[in-house]
Amino acid sequence: MLPIAPEGRPYLAALAVLVAIAHLALGPWALPGWLLLLAGGFLFRSLPREIPPRPLGVVSPVDAVVERVGECRDPFLDRDALCITLRQGRGGEFNLHSPVEGRVQRYWRPAAHHRMEKGSRFGLWLTTDEQDDVVLTVNCRDWPHLMRCPVTTGDRLGQGRRCGFLGFGRVVDLYLPASARAEVTPGSRVLAGSGVLATLVHKHPGGPV
C-alpha cells in the first residue's frame, strides 16, 4: 500500500466514501471518481527516504530544483549567510523534511489574512548540537494553502526526518552559516531528506573540519 502523508488522510478518506457511494449508485460511471482518488493518493504519498551518513551535512527539505546558491543577508537572524533557494518540483513528493538534526529555537507563521501578501513566509529556526543556526523559510502566498508543519519551540527534529507538508510548487530558502560549503549548483535536482545541499564547516586549531 502506498504510504500516505497524515495531512492527506482525512481528505482521501472523505473522498473514498463519496466515491464508494457514487460507485454503488452509478456503477461504471463512477470511474472518474476512482481516478481522482488515485491522483489524490499520488499527491499525498510519503515514501521513505535514505538519509545520508553526513552528520554535518544539510539535506534538502523538499524534492526540488536548486534555483540559487550564493552569499546573502539572513533577514531573520540579521547575519551574513549562505543562501540556497529551492523550487519545489510539481511531480515529486510535497512533504517537508528537516534539513539538519537540531532543536527548534523559533518559528514564524504568517497570519491567515496575510497569506496572499507578497513576501508572506513561514520560517523555522533550528540550532544543531554544534551550535550552527539554520533557518528554513517557505513562500506562503501561493495557492493552494495546504501547508502544515506542526512543530513548537523546543522540539528536536532529526536530520532528513519528515516534519510537515508544504502544498504544491513552493519556493523554499535556506539560510546557513556563512562558513558553510555548498555542495550543489543552480539547476541541480535534489530529493528531500536525501540530497546533500551543503556541509557545515567548523574551524579548529588544526584546520577546518
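On a predicted model such as this, the values are computed, not experimentally measured, just so you know.
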> Does one hydrophobic cluster hold both Leu77 and Tyr175, with members joined at side-chain heavy-atom distances below 4.5 Å?
Replying inline: yes
> Under 3.5 Å, is there a donor-acceptor pair between the side chain of Asp78 and the main chain of Pro75?
Replying inline: no
> Between the side chain of Glu101 and the main-chain N/O of Gly158, is any donor-acceptor distance below 3.5 Å?
Replying inline: no
> If we only count heavy atoms from C-beta on, is the His23 to Trp29 side-chain gap below 4.5 Å?
Replying inline: no
> Does a side-chain N-to-carboxylate-O contact under 4.0 Å join Asp63 and Arg49?
Replying inline: yes
>> Please check this pair: side chain of Ser194 against backbone of Glu50, looking for a donor-acceptor N/O pair closer than 3.5 Å.
In response: yes
>> Using a strict threshold of under 4.0 Å (side-chain N to carboxylate O), is an ion pair present between Arg103 and Asp155?
In response: no
> What is the minimum heavy-atom distance between Ser98 and Leu157, and which atoms define it?
Replying inline: OG-CB, 3.6 Å
>> Under 4.5 Å between side-chain heavy atoms, counting indirect links through other Ile/Leu/Val/Met/Phe/Trp/Tyr residues: same cluster for Leu35 and Leu37 or not?
In response: no
List the atom pairs, donor and acceptor, that lie under 3.5 Å between side-chain atoms in residues 129-136 and the rest of the protein, sequence neighbours left out.
residue	atom	partner	partner atom	Å
Asp129	OD1	Arg156	NH1	3.2
Asp129	OD1	Arg156	NH2	3.0
Asp129	OD2	Arg156	NH2	2.7
Glu130	OE1	Thr128	OG1	3.4
Asp132	OD1	His202	NE2	3.3
Asp132	OD2	His202	NE2	2.5
Asp133	OD1	Trp125	NE1	3.0
Asp133	OD1	Thr127	OG1	2.7

>> Test ring pair (Phe, Tyr, Trp, His ring centres under 6.0 Å) on Phe122 and Trp108; report intermediate values, then the result.
In response: CA-CA 5 Å; Phe122 165 84; Trp108 297 266; 8.7 Å; no
>> Any heavy-atom pair between the side chains of Arg54 and Val196 that's under 4.5 Å?
In response: yes
> Pro61 and Leu174: which non-hydrogen atoms are nearest, and at how many Å?
Replying inline: CD-CD1, 3.9 Å
> Quick one: are Leu86 and Leu197 in side-chain contact, heavy atoms under 4.5 Å?
Replying inline: yes
>> I'd like to know if the side chain of Gln159 reaches the main chain of Gly193, judged simply by a donor and an acceptor atom lying under 3.5 Å from each other, with no hydrogens or angles considered.
In response: no
> In terms of hydrophobic clusters joined by side-chain contacts under 4.5 Å, are Val59 and Val69 together?
Replying inline: no
> Heavy-atom count around Arg161 CZ within 6.0 Å, excluding the residue itself: above 12?
Replying inline: no
